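Inspection log for the structure reproduced underneath, given as structure tokens.
What you see is a predicted model; the values in this text were computed from it and never measured. Order of the sequence lines sets the chain letters (A, B, ...), proteins ahead of strands, with each chain counted from 1.
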Amino acid sequence: MSSLITLISLSKIFTPSTQFHRNLWIHALQVAVASRKLAHLNKLNTEQSYLTGLLHEIGRFILLMDDLDKFNALGAYPTSNQELMIKEHEIFGHTSAAITIALLKSWSIPEPISQAITHHLKPETEPRQPRSKFTQAAPSVTLFDVLSVADDLSLLAL
Amino acid sequence: MDETEIKRLVGKILTKAGSHGLFAAPAFLAKSLPGIIEEAADLASSLGLS
């Protein structure tokens with residue numbers, strides 16, 4: 001239920017006006033749906049996984065609202081996330097990743113979700129969530145793993 | 001999306017899934033991919049985002 005409320009609320013705030021914006025939405029929805037399916041298959045929390053996918057690039061929607069002209073100067077979507085972040089920094093002076101991470105804190109998004117997204121956006125940060133609950137030989141799958149694969153799946157499909 | 005394209009995407013994603021210790025059988029991904037795309041498109045349409 002919380003994911004549905006979040007989805008409807010976000011759709012009312014971030015209304016797309018160009019194909020780039022629509023692709024941004026399609027990407028967020030594809031990652032959310034794929035995350036939920038992968039989480040179900042791997043016996044993870046499907047609601048949390050869906051929200052993780054939906055919110056993983058929420059900072060990009062904020063950039064869109066901040067300055068439409070600058071946002072459109074980023075170019076066509078999709079491109080590699082790394083390329084987009086470099087462009088964001090050049091054009092806006094900061095990246096959507098930094099905004100996403102700040103928003104997750106500000107909105108008090110549950111820790112498993114915010115940690116998975118933070119680690120996804122900033123791989124150099126160590127995930128505080130243990131990768132293995134029982135043994136070193138059989139690491140447990142985390143929300144981060146699901147998000148990472150779902151994100152690639154969507155970028156390939158777009 | 002034709003079958004060849006789906007197989008190509010599935011091949012790529014399996015490598016990634018394996019590196020994350022994720023169980024993602026080829027048949028599951030091949031079956032799920034069109035559904036994921038379709039469900040996201042339907043959601044976008046119903047929310048007026050497409």
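Taking every heavy atom of both residues into account, B:Ala44 and A:Ile26 meet most closely at CB-CD1, 3.6 Å. Of all heavy-atom pairs between A:Tyr50 and B:Leu43, the closest is OH-CD1, 3.4 Å.
Taken to the nearest 0.5 Å, the OG atom of B:Ser46 stands 8.5 Å off from the CD1 atom of A:Ile8. Summarising the geometry, atom CG belonging to B:Leu49 is positioned 11.5 Å from atom CZ belonging to A:Phe14; distances are rounded to the nearest 0.5 Å.
Both A:Trp107 and A:Leu104 sit in one connected hydrophobic cluster of ILVMFWY residues. Membership requires side-chain heavy atoms under 4.5 Å apart, directly or through other members. Linking Ile, Leu, Val, Met, Phe, Trp and Tyr whenever their side-chain heavy atoms come within less than 4.5 Å puts A:Ile58 and A:Met65 in one cluster. Taken together through direct or relayed side-chain contacts under 4.5 Å among Ile, Leu, Val, Met, Phe, Trp and Tyr, A:Leu68 and A:Ile62 form part of one hydrophobic cluster.
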Is there a side-chain contact (heavy atoms from CB on, under 4.5 Å) between A:Lys37 and B:Ile36? Walk through the geometry before answering.
CA-CA 9 Å; A:Lys37 284 182 187 287; B:Ile36 290 166; 3.6 Å; yes

